[in-house]
Every structure is written in C-alpha cells, then in structure tokens.
Amino acid sequence: MGERLAILTIEDLTVKIAGKKVLNGLNLEVPEGETHVLLGPNGSGKTSLIMSILGFPSCRILSGRIQFNGTDITAMPTNERARLGIGVAFQNPPPIKGVRLGDVFRHLAKGEADEIKLTRTTNIPMEFLERDLNVGFSGGELKRAEIFQLLAQRPSFAIFDEPDSGVDVENLKIIGKAISEFLKRRSGLLITHLGHILRYVRADVAHVMFYGVIACSGEPSKIFNLIMKRGYKWCEKCPKVKRIRRKR
Amino acid sequence: MPKGKKDSQKAIRKPAAFGPDLDIRGFSREAAPWPSCPVSSLPEDIAQRALSAGVRTDEVDRAGTYFQIDRSAVFKGMKKTFGGKAEILSTKDALKKYRWARNYWWKLVDANMDKYTALANLRWDQGYFIRVLKDQKIELPLQACMFISRENFNQNVHNLIIAEPGSEAQIITGCAVHPNIQSGLHVGISEFYVKKDAKLTFTMIHNWAQNFHVRPRSAALLEDGATFVSNYVCMKSVKSLQMYPVAYCKGANSRVSFNTILHGAKNSYLDVGSKVVLQGKGSRGEVIARAIATENAQIKARGLLVGENEDSRAHLECRGLLLSDQASIHAIPELVGKVEGTELSHEAAVGKIAEEQIQYLMARGFSESEAESLIIRGFMNVGTFGLPDALKEEIKKMVDASIAGAL
Ligand SMILES: Nc1ncnc2c1ncn2[C@@H]1O[C@H](COP(=O)(O)OP(=O)(O)OP(=O)(O)O)[C@@H](O)[C@H]1O
Ligand SMILES: [Mg+2]
C-alpha cells in the first residue's frame, strides 16, 4: 500500500466552523485507486471534513494542510479543487430556485457525458432535468440527483456523503451499482451510517471519526461489524478515543 | 371636456401618497414638434433605444405601432394585414373622433389624485388610443413607444386601451430616451377597459436614464370573464420611479395577473406595487414580483389584495434579492378581506444570495461569479410569467445583460 501514490493527504488539520472546532488535528491518506469508508457518530465531523476538503470559505483552517495529487490545495478556491478532480455528492444539498438540474448537468457534462444513459443509471426521470435544483425533491430523489451530477462531473476522487440514507431497496441497488461501477477506475471516500451501500461497493479501508479526529482505521468489514454489534458507546471506552475527547 | 381643470390647479401641489416628492416646476416643457414619418425611417439612435425597450421600428413580429417622441405622435397605425382588427390613434385624435371616448377618460384614474395626475390633466401630451375590435384576435403584439429626445423634458401622456368583448391582444409599451438624455420627468396615465370575455396582455418595459423621474398611473377595469395580464420590466436605473397600478376585477370570473421584474441599480429609488380589487364572483388575482437591488438602490415592493366578493381568491408573491450591502429592499404586502369567503394570501422573502448555494455550485466547478449569475438569473427567471412569446427571449436577454452588468 505504501508504494501507491496518495491521491489525498491530510495532515494535522484543525478547522473551525461558525466558531466551533469541528476538526482537531486530523490526519488521513487515501492512496490512488482506493475507496475508503468514513464512519463515526452524528456530529463527529464527517461532513465538516468534506467541506474542508472542498475548501468552503465557512471552514476556517487553524492548522494543517491538504494535498491532492501532490499539490497543496489548502488555500485553493473550491471551484479550482473541483477542476483538479475532487467531486462530492452532498448529504444535504441546498435547493436553488430557478436553476434547473439540467443547467448544472450540461455544465458538468461539457457535451461529453451521455444524458440519457446517466438518467437511467441513477433512475432520474428525464423531466427532472427541467426541475429546479433540489426544490421539492424527495429524500431519495435528492441522493440520486447528487449521484447523477457526480457521474456527469467525473471527478478522479469522488466523495459520497451518506448516499444510502433514506433510499429504498430498489433504488439502493441502482445507486449501489452506479457508485461501484464509477469507483472501479477511481479513488473515493464513502460516508455511511448503516453500511447498506457496502453491499455493492468494495472498500479498501475504513476510518472511524470521533470529535474531529480519525480514531482508528482498518479492514472495512471488521470495523463496520464491530460498530454494528457494539455501537459507538463501546468505542468511547477505547483509551484512544478517551484521549481525543480530553484533548479537544 | 378635460374635466375639473380648476380642481387640478389645486391638486398640482398635492404630493403623491408614495415616493419622493418632486418639484415639477424644475422640468422643461419646451420641445419642438416632430414631423410624422414612417416608423421604419426613424433615426438609427432612436430605433436602437426603442428596441432596447421592446419596440421594433422595423415592425417585424408586430401587428401595429404607435410612436411618440416628446409631445408628437410621429407614427400610428395597424399593419395592413391586421387592419380591421384594431385601431391605433393618438388620444387627442381619438377624443375628437369618438364622442363616446370621453366616457372612458379619467374614469378609472382620478385626475386629482396627486400632482402627477393633475399635471397630465393640465398639460396633456397625447398618448395612445388602442381599441381591439369585438371578437378580433390578434396573434402578434401591438407596440407603443414613448420616447423623450430632450434633456430635462417633462412628458405627460394619457393612454386609453379598450379591449372590446371577445377580443384578444397583446400590447408592448416601451419607454426610452435618447442616448444623450440624462434627466427628465415622465408621467403616464393609462386606463384599461377589458370587456366581457376579452383577453389583454400588456407588457411595459422601461428603459429610462439615470436622472429620470417616472410616475405612471394605471388602472384597469375587468368585465365578466375578462383576463388582464400586466407585465412590468425595469432593468435600467432611474432617479425615482413610483407606481401602484390597480386592477378592478368587477366582472364575474374575471382574472388579473401582475408580473413585475425590477433591477434597481446605482442610486435608483423604486417604489413599485400592484393592487387587485376582487369585486366579481369567481374573480381571481395573482401578483408576482421579483426585485434585485445592486449598488445603492432602494426598492419598495408593494402589493395590495382586496377581497370584496365571497367567491374570490388572490395570491401575492414578492421576492427580493440584495446584491449589495448599501442596497435595500422593503417588501410591503397587504391583504384586505372585506367579506367572509374571500381567500387572500401572500408570501414575501427578501435576502442575500445564500452562501451555501454559491459553495454548492462552486463544488460543481462553477466559478464564484458564474455561480452568482446562475443563481440571480434563476431568481429572475421569467419563464413562468405570462409573457408573449415574441417578448420572452428579448426580456430574458435584457435581464441577462442587466445581471451581467451588475456583477
Ligand atoms: N455552521 C455550523 N454552525 C454550528 N455548528 C456547526 C456548523 N456546522 C457544523 N457544526 C457542528 O459541527 C459538528 C460536526 O458536524 P458534521 O456535520 O461535520 O457532523 P457529521 O459527522 O457529518 O454528522 P452526521 O452523521 O449527523 O451527518 C456538529 O456538532 C455540528 O453541529
Ligand atoms: Mg454529515
């Protein structure tokens, strides 16, 4: 694993959002071609980490740096990071009135992505392209629209923030296959709580986040099964997590 | 005939209910008459400015034209193929030609409401008379241009629009000034009569200059089954603009819809609203306004719905987007229910672009300014308004250009 070049390297990252410390000296490395899973209780900072990787101005960096494909992107504007190949399917995408899903799709596709094929892959009805972005979309539709946009964007590093939350059985299968197929030739980071998506997507490493830090990493099925069986309450008893909590 | 001149002498000092008060003596009434000419032979600079307000001097895709410069009606008439469907005259000619026309004159707008109506009564400079004949349906829009070619000129027009029973027409009114003109005062009285089962779509586009003061005074009367769609677009900065057109839905099942798109820029002061009075059984009203404010613009967006019939319904939607810390938008929606059973509602929202929306689009690779312009254009999206096809694209272009200029 050490021989592979890292696509994403995060070192000692500390970030504040709205005056609150959401990341607290976090380290993470994702080697090229791998898919990692990010686990962690509600509010542990998973979404904040994604927003920091994207460089949202609301994330104030107190220390640390982020490298993407060997380039230091710590101070880079969000859209340039997107251009370098970072793409995110968001957990809670905002509704934007008057901007149609199709407008964004066409911008992302640049004439090179097959609209009809991608709507089928993600089970998005064609008429959704005429709808205002995320306005009145159901929970499952939001997730699918996010994945649909990401497939059009074709980032080399794809991040999915809870793509499986609130998705029904049939649609889970559809998006599971879509994500799995997409990540075959790419690197990725996958956030999930209940792991439904892991039935379809093969992951290389899992990380567990606590209080803005990655507390442990390891073999995905092993870690996931332990958490499912014992819960995060059990993790809290781990000396390492205790130390993180005290240091925060 | 021009009624109550004496009363108007008194009213000439009466400030309007809304908007900054103006000293109307500060404007010039001097303007040399313009000779009549075919609309296609107007000078290029005038044609260009008219076009920027939706009026095509080549008359392509238009059924007829009225063109006024300063106080002169330089052209008026239907295109040959549409002759017999409607009539276009100057209001001075119309009142001479038809004795009955006075039954419609100053009947919806009170001549002594304020100094501006009084001004239009005392110093009246033409205006257009458009009468769509009974059961005639005109596919292409009729157009009218109110043009000012002299600096600091005060133009007072009075328009009369009658859609006879069963008729259908669209009217575009564009107001513009010569490129050299910076200041002036325009007062425009418009009285609309939409008769039984007639449908009238009226679109007014304002393209004044930075130091202009504008005071339109409009009212519409809707008979049984009548539909009136009134669109107003103002994308260019003015010094001050105040208008509060009203539609009286007197007839059973009459319908009115007001759509307003405003961009206040520089030091513009815009006080714009729409009133709907629901009097007829089954009458319906809809008021939609979108306003963006940049630089130091101050916008008041008003709306008033009055329900006077048990079976009546109206909705008011006003959204404002602030694009500068110095600008302000004040939404003032009002509902007055006078009887039980009338259903009136409103929604108003004023705010800045949500940072979250910009970040989201930037994560999809849009630059910050691309994201902003996409969001603003979406906000101002006129696709949903009842605009005539001939105008949809043109207005979209005006909005796009104005947004591009704002960013
Ligand atoms: N804008 C904000 N204002 C205040 N607190 C914030 C803000 N953004 C994030 N937080 C806080 O930061 C912490 C981390 O939030 P984050 O969304 O990263 O959690 P998460 O791990 O993604 O949780 P979940 O599993 O529920 O999605 C939470 O306690 C949250 O309330
Ligand atoms: Mg989250």
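First the proteins, then the strands, lettered A, B, ... as listed; each starts at 1. Note that this is a predicted model, so its numbers are computed, not measured.
Residue B:Ile299 forms a side-chain contact (heavy atoms from CB on, under 4.5 Å) with just one option from B:Val350, B:Leu322, B:Ile329, and that option is B:Ile329.
In this structure, no portion of A:Asp132 lies under 4.5 Å from any heavy atom of chain B. Proximity to chain A is absent for every atom of B:Ile376, based on heavy atoms less than 4.5 angstrom apart. Contacts between A:Pro155 and chain B at a heavy-atom distance below 4.5 Å are absent for every atom of the residue. Contact annotation for A:Val88: only backbone heavy atoms (N, CA, C, O) come within less than 4.5 Å of a heavy atom of chain B. Both the backbone and the side chain of A:Ile96 come within contact range of chain B, each with at least one heavy atom under 4.5 Å from a heavy atom of that chain.
Aromatic ring centres of B:Tyr232 and B:Phe202: separated by at least 6.0 Å. Ring-centre distance between A:His207 and A:His36: below the 6.0 Å cut-off.
Note that A:Arg186 lies in the cation-pi zone of A:Phe182, set by a 6.0 Å cut-off to the ring centre and a 45° limit from the axis.
Taking a cutoff of 4.0 Å between a charged side-chain nitrogen and a carboxylate oxygen, A:Lys184 and A:Glu181 qualify as a salt bridge.
A donor atom on one side chain and an acceptor atom on the other are found under 3.5 Å apart for A:His193 and A:Glu162.
Other residues, nucleotides and ligands place more than 12 heavy atoms under 6.0 Å from the NZ atom of A:Lys110. Residue B:Lys275 places its NZ atom among more than 12 non-hydrogen atoms of other residues, nucleotides or ligands, all under 6.0 Å distant.
Heavy-atom proximity under 4.5 angstrom to chain A picks out B:Met362, B:Ala363, B:Arg364, B:Gly365, B:Phe366, B:Ser367 from residues 362-369 of chain B.
Looking at A:Thr122 and A:Leu151, their side chains come closer than 4.5 Å, going by heavy atoms from C-beta outward.
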What's the verdict on side-chain contact (heavy atoms from CB on, under 4.5 Å) for A:Asn171 and A:Arg144, showing C-alpha distance, side-chain angles and the deciding distance?
CA-CA 8 Å; A:Asn171 279 304; A:Arg144 276 166 13 235; 3.3 Å; yes

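Counting heavy-atom pairs closer than 4.5 Å to chain B, the top-ranked of the candidates A:Ala152, A:Pro77, A:Gly55, A:Ser58 is A:Ser58. Per-residue counts of heavy-atom pairs under 4.5 Å with chain A were compared for B:Arg377, B:Gln357, B:Glu370; the largest is that of B:Gln357. The most heavy-atom pairs under 4.5 Å with chain B, out of A:Gly98, A:Ala82, A:Pro94, come from A:Pro94.
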